[in-house]
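Structure first, then comments.
The shown structure was predicted, so the numbers you read here are calculated from the model rather than taken from an experiment.
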Amino acid sequence: MALYSEKVMDHFRNPRNVGVIENADGVGEVGNAKCGDIMKIYLKIDDGIVSDAKFETFGCGSAIASSSMATELIKGKPLEEVKQLTNKAVTEALDGLPAHKLHCSVLAEEAIAAAIKDYYEKTGNSGS
């Protein structure tokens, strides 16, 4: 069996939503000191809907694939739904990650949560 699923390889080789959103409504940046991965997620939010999501990731193929898949999963979704995104959902959407790479999907979840927190801070909304 291959170490990485076809979906992981596809999102690594052809990542979706790479880049920066100028004047993003929310930006979240997280890193993992152990592996050196750094993930930055940009959100554009219109009327409570994530209308656009982009990322910049410095890291391994699993980190890039996790960023790519996570942004795909949240685009067009209501913020309340996006707040529920888990690393497990990202991993499942990628048809799995090796156990030693699960932290990459955790980074994606954390980066999105940080971007939402940034959005709430910028808008003065508590998010509850």
Side-chain angles (χ1 to χ4, degrees):
M1 185 179 127
L3 186 59
Y4 296 103
S5 72
E6 286 182 30
K7 280 189 184 177
V8 170
M9 293 307 297
D10 181 41
H11 278 267
F12 167 63
R13 290 185 180 124
N14 308 293
R16 285 67 152 177
N17 310 308
V18 175
V20 175
I21 297 175
E22 296 298 329
N23 301 313
D25 295 312
V27 180
E29 184 172 357
V30 296
N32 182 314
K34 181 179 171 189
C35 67
D37 293 335
I38 300 169
M39 196 175 287
K40 195 168 190 177
I41 301 274
Y42 301 84
L43 300 178
K44 189 71 180 162
I45 300 167
D46 295 305
D47 296 322
I49 305 289
V50 175
S51 59
D52 198 10
K54 294 202 180 299
F55 76 91
E56 294 179 299
T57 294
F58 178 83
C60 67
S62 294
I64 292 166
S66 292
S67 302
S68 175
M69 180 57 81
T71 55
E72 285 288 279
L73 290 172
I74 66 172
K75 281 173 71 171
K77 299 277 175 36
L79 208 47
E80 289 304 313
E81 188 176 327
V82 172
K83 287 174 17 182
Q84 307 305 314
L85 182 75
T86 64
N87 71 297
K88 184 177 182 207
V90 174
T91 301
E92 287 174 358
L94 288 168
D95 291 337
L97 285 170
H100 67 283
K101 293 294 183 177
L102 287 175
H103 66 274
C104 296
S105 63
V106 172
L107 279 179
E109 176 186 338
E110 291 174 348
I112 289 168
I116 292 170
K117 181 176 187 276
D118 181 54
Y119 166 71
Y120 286 142
E121 287 171 357
K122 286 178 178 173
T123 60
N125 184 329
S126 68
S128 41

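- Atoms CG and OG, from L107 and S62 in turn, are 11.0 Å apart once rounded to the nearest 0.5 Å.
- Clustering ILVMFWY residues whenever any of their side-chain heavy atoms sit less than 4.5 angstrom apart, transitively, puts L102 in the very cluster that holds L73.
- Counting heavy-atom neighbours within 6.0 Å of K117 NZ, excluding the residue itself, gives a total of 12 or less.
- Here the side chains of M39 and F58 are not in contact, with every heavy-atom distance at 4.5 Å or above.
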Carefully, step by step, assess E72 and H11 under the rule side-chain contact (heavy atoms from CB on, under 4.5 Å). CA-CA 10 Å; E72 285 288 279; H11 278 267; 4.1 Å; yes
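- Nearest heavy atom pair, residue K54 against residue V18, reads CD-O, 4.1 Å.
- In terms of heavy atoms, Q84 sits closest to E80 at CG-O, 3.4 Å.
- Of all heavy-atom pairs spanning S5 and G96, the tightest one is OG-O, 4.1 Å.
- In this structure a side-chain-to-backbone donor-acceptor pair under 3.5 Å is missing from T71 to N17.
- Note that CD1 of I74 is 5.0 Å distant from CG of L43, once rounded to the nearest 0.5 Å.
- Between the side chains of S105 and T91, at least one donor-acceptor pair of N or O atoms lies under 3.5 Å.
- Taking both residues in full, the closest heavy atoms of L97 and S66 are given as CD1-OG, 3.8 Å, listed atom of the first, atom of the second, then distance.
- If you take CE on M69 and CZ on F55, they are separated by 11.5 Å, rounding to the nearest 0.5 Å.
- To the nearest 0.5 Å, atoms CD1 (I41) and OG (S67) are separated by 5.0 Å.
- The shortest heavy-atom contact between K7 and L94 is CB-O, 3.7 Å.
- For N14, the CG atom counts as densely surrounded, since its 6.0 Å shell holds more than 12 non-hydrogen atoms of other residues, nucleotides or ligands.
- When L85, V90, V30, N87 are each tested for a side chain to side chain contact (heavy atoms under 4.5 Å, CB included) with E109, only one passes: N87.
- In this structure, the side chains of K83 and I116 come closer than 4.5 Å at one or more pairs of heavy atoms.
- Put simply, the side chain of S68 never gets that close to the backbone of I64: no donor and acceptor are under 3.5 Å apart.
- Counting only heavy atoms from C-beta outward, the side chains of L79 and Y120 approach each other to under 4.5 Å.
- The other members of the hydrophobic cluster of V27, by chain and number, are V20, I21, Y42 (side-chain heavy atoms under 4.5 Å, ILVMFWY only).
- Atom-to-atom distance recorded for T86:OG1 and I112:CD1 is 10.0 Å, nearest 0.5 angstrom.
- For the residue pair D46 and S51, a side-chain donor N or O sits within less than 3.5 Å of a side-chain acceptor on the partner.
- Looking at every heavy atom in both residues, C104 comes nearest to C60 through SG-SG, 3.7 Å.
- In terms of modelled atom types and a separation under 3.5 Å, the side chain of D37 and the main chain of T57 share no donor-acceptor contact.
- A distance of 14.0 Å separates NZ in K75 from CD1 in I49, rounded to the nearest 0.5 Å.
- A salt bridge links D10 with R16: at least one charged nitrogen is closer than 4.0 Å to a carboxylate oxygen.
- A donor-acceptor pair under 3.5 Å is formed between the side chain of D25 and the backbone N or O of I45.
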